[in-house]
Each structure stands twice: as C-alpha cells, then as structure tokens.
Amino acid sequence: MKAAVLYETNTPLKIEEFELPETKPDMIRVRLAAAGVCHSDWHVVKGDWPQHRIPTILGHEGAGIVEEVGCQVSRINEGDHVILAWKRHCGHCEMCQKGFPNLCDLPPYDAGLPRFKGRQETMRRFVGMGTFSTSVLVPVDALVPIDRDIPFAQAALIGCGVMTGVGAVVNTAQVEPGSSVAIFGCGGVGLNCIQGAVLASAEPIIAVDIHDNKLEMAKQFGATHTINASCENPVELILEMSEGLGVHYAFEAIGLASEPFLQSIECTRKRGVTIFVGHAPVNTPITMDARMLMHEKSIMGCYYGSARTHVDFHRLIGLYRAGKLKLDELVSRTYPLEGVNDAFEALANGLVARSVLSLD
Ligand SMILES: [Zn+2]
Ligand SMILES: [Zn+2]
C-alpha cells in the first residue's frame, strides 16, 4: 500500500510504500476509494496543531470497500461500502448515553492502533485514520456502512466536512424555521453550514467571506445574501438588513478567532447564538469586551457537528438522494494520491469547495 506522509510542517507530503500490519481480531481493513482534503489536515501541515504529532500519514475523510474483517467483528462484512468517521464512540460513557457520541470519552483512534511499517520507520496516522492512503486499518466504530450506489467521493465528504457544517446548524444550534443566520467563512465547512441553514428553512441566509469566488459558491449552495468582508463591514450590513436587530444565529466557520469571530458575535441580536464551528490553532487567545454578551447572547462550541454518525450519515445520504443536499457540487477537483500537495495549494488559495483524492 502507499500513503502520503507529512515529515515536517510546511513541507510537501511524500508518497511512500508501507506494509499493512495484520488485521487484528477487533479490526477491519478498508481499501480506500476516495479521501477528502479537509482544512484540518492543512492545519497540521501548517503547524497550527502541534498536539497532533508528526511524522504522520495525513487525511481523515474517506470512503471505501471493506477488504478484511477481524474474527471478533460481527456488524461489518467483506465487500461492504463504508464511510469512515474519525471520532470514536463507546456507547457507554455519559456523553454517548446522552446522545452526544461526538463527545465520547474514548481517546482518538490512534491511541494503541497498529502503526504502518515503512522503509525507515513505523508511521502513525492522523486521528488514527490516515486516509491519504490506499488502505487503512480501523476499529468497528469508525465505520458506517452505506448503499453501494453512493459515489465514493461524495460519501467521503459526509465523513467530516458535510457532517460538521450541516450538523452545526441542524444538531448543535437546532436552528428553527424562519430564523435568520449569518455564516462567516464559505470554505468546505461554511458551505455546508449554508446547506444546513437551507435544510432548517432559515431566512435570510447571509454568507460572509473575503473571496468573491467563494461567495458565488455560497449563492449556489443557498445563501440569500452575500457580503465580501474585504471591502464591506459585515456587522454594519447585517444590522442594516435586520432593522438594527442582528441575526438569530451566526456561524464562525473559519477558525482563526480574530476579527470575524468578534463580528460573528456582534452581528447577533439579543439572545442570539454564535456557534464556533472552525477549530482555531492551539493557544489562540480571544480578546473581547466583557459586556458583549450582556443581552443574553451565547457562544457555543461545536465538535463534529454534534454527529451521531450512524443516524446522521444515513439522513444526509437520504437528503442527497432526494436532491436536497448538494454533494456533487462540493467535489470541485479530483486528484490522484500523488496530487495531494496540489490539492493543498488549491485549498490554501481558496480555489475549491473541496478536493478529493481518488485512490482506486
Ligand atoms: Zn462514549
Ligand atoms: Zn475534517
């Protein structure tokens, strides 16, 4: 098998050959067909998240076909088509039992997982996934089986970006029909927040970005209004549009905790809720006026769109089949595994909704 490895931050990934370890009784081997190139992978490349150690095989969005099943595994069969879900869930801890398996106490998949043997060293995998790879070995809770007619590229995106964006609106914030929303950042996750807002019948849906091409995509995904924050003040405009009140919900899908983060609080109305969907670099401080929340405003964190993967992935697929969730339009570009560095460049330059690596 081969995989794309990050050895040093801010350097290109290298494609290398690895030996697959044997499939342990509780593990499953998946031959990957598609992997999405997500901003989280890019954070690791840039060195924003030093808690994820390198060298590592990057990638955490993926879909493929089950190739081998350990003898203790019962729920999954060889030949099943699956989406990988990067957050573990045990089913027993307090958060799992309360319906928030995205907040399960289990450590990430990479704790104690078999590493892949390369020419020089054994290799860890980003969040235990490492989907920039022709095969992965994962425990059973990482996999959600799907129907065979769902294309792999589209399926892979459900595993992180789509789930996170749509879930932030529908699960985390539970936006009610008719509420007004603003979405800051129209990348892979932000566009899916817009789709979530459409599904929740929000009105208006205001998209904010600094790239005109992203704002065009935002319209395509259902934004009713767009604001280019590089030349206009989004807070002033949003207040103007709402008779000085502000929006009911704002979603920050950038992850920088700088100006847009404060704007996403300032643009909400009394009792408004700001959902912090983007994941900022480690040790990112926020400085804000302590009186900003006085009118009972709140700020909520969001982890994986409050995903209940076995429920939500199937709902998302159902919406895709019904033509209510745009997945084909999200796949802007397809690259082979060897094109992973080009895919990162396209992401860094804001050129794509999502790039997908085609691995078969
Ligand atoms: Zn749990
Ligand atoms: Zn992701």
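Index from 1, following the sequence. First listed ligand is number 1; within each ligand, the first listed atom is number 1.
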Practice item. Examine all N, O or S atoms of Cys90, backbone included, and report whether one is under 2.8 Å from the Zn ion (ligand 1). Key: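 Of the N, O and S atoms in Cys90, at least one lies under 2.8 Å from the Zn ion (ligand 1), which means yes.
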**Study point:** Plane angle bin for Phe313 and Tyr304 - parallel if under 30°, tilted between 30 and 60°, otherwise perpendicular
**Key:**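 Rings of Tyr304 and Phe313: perpendicular, as their planes differ by over 60°.
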Practice item. To 10°, measure the SG(Cys104)-the Zn ion (ligand 1)-SG(Cys93) angle for me. Key: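 SG of Cys104 and SG of Cys93 make an angle of 110° at the Zn ion (ligand 1), to the nearest 10°.
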**Study point:** Under-4.0 Å salt bridge between Asp289 and Arg291
**Key:**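 Salt bridge between Asp289 and Arg291, a charged N being under 4.0 Å from a carboxylate O: no.
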Exercise for review: Run the salt-bridge test on Asp147 and Arg321 with the 4.0 Å N-O cut-off and return the result as yes or no.
Suggested key: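 Judged by the 4.0 Å cut-off on N to carboxylate O distance, Asp147 and Arg321 do form a salt bridge.
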Review point. To the nearest 10 degrees, how large is the angle at the Zn ion (ligand 2) between Cys38 SG and His60 NE2?
Key: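 My answer is 110°, to the nearest 10°.
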Check your understanding: Are any N, O or S atoms from Cys160 nearer to the Zn ion (ligand 2) than 2.8 Å?
Key ->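 Of the N, O and S atoms in Cys160, at least one lies under 2.8 Å from the Zn ion (ligand 2), which means yes.
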Exercise for review: Supply the atom-to-atom distance Leu245 CG to Ile238 CD1, rounded to the nearest 0.5 angstrom.
Suggested key: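 Interatomic distance, Leu245 CG to Ile238 CD1, rounded to 0.5 Å: 13.0 Å.
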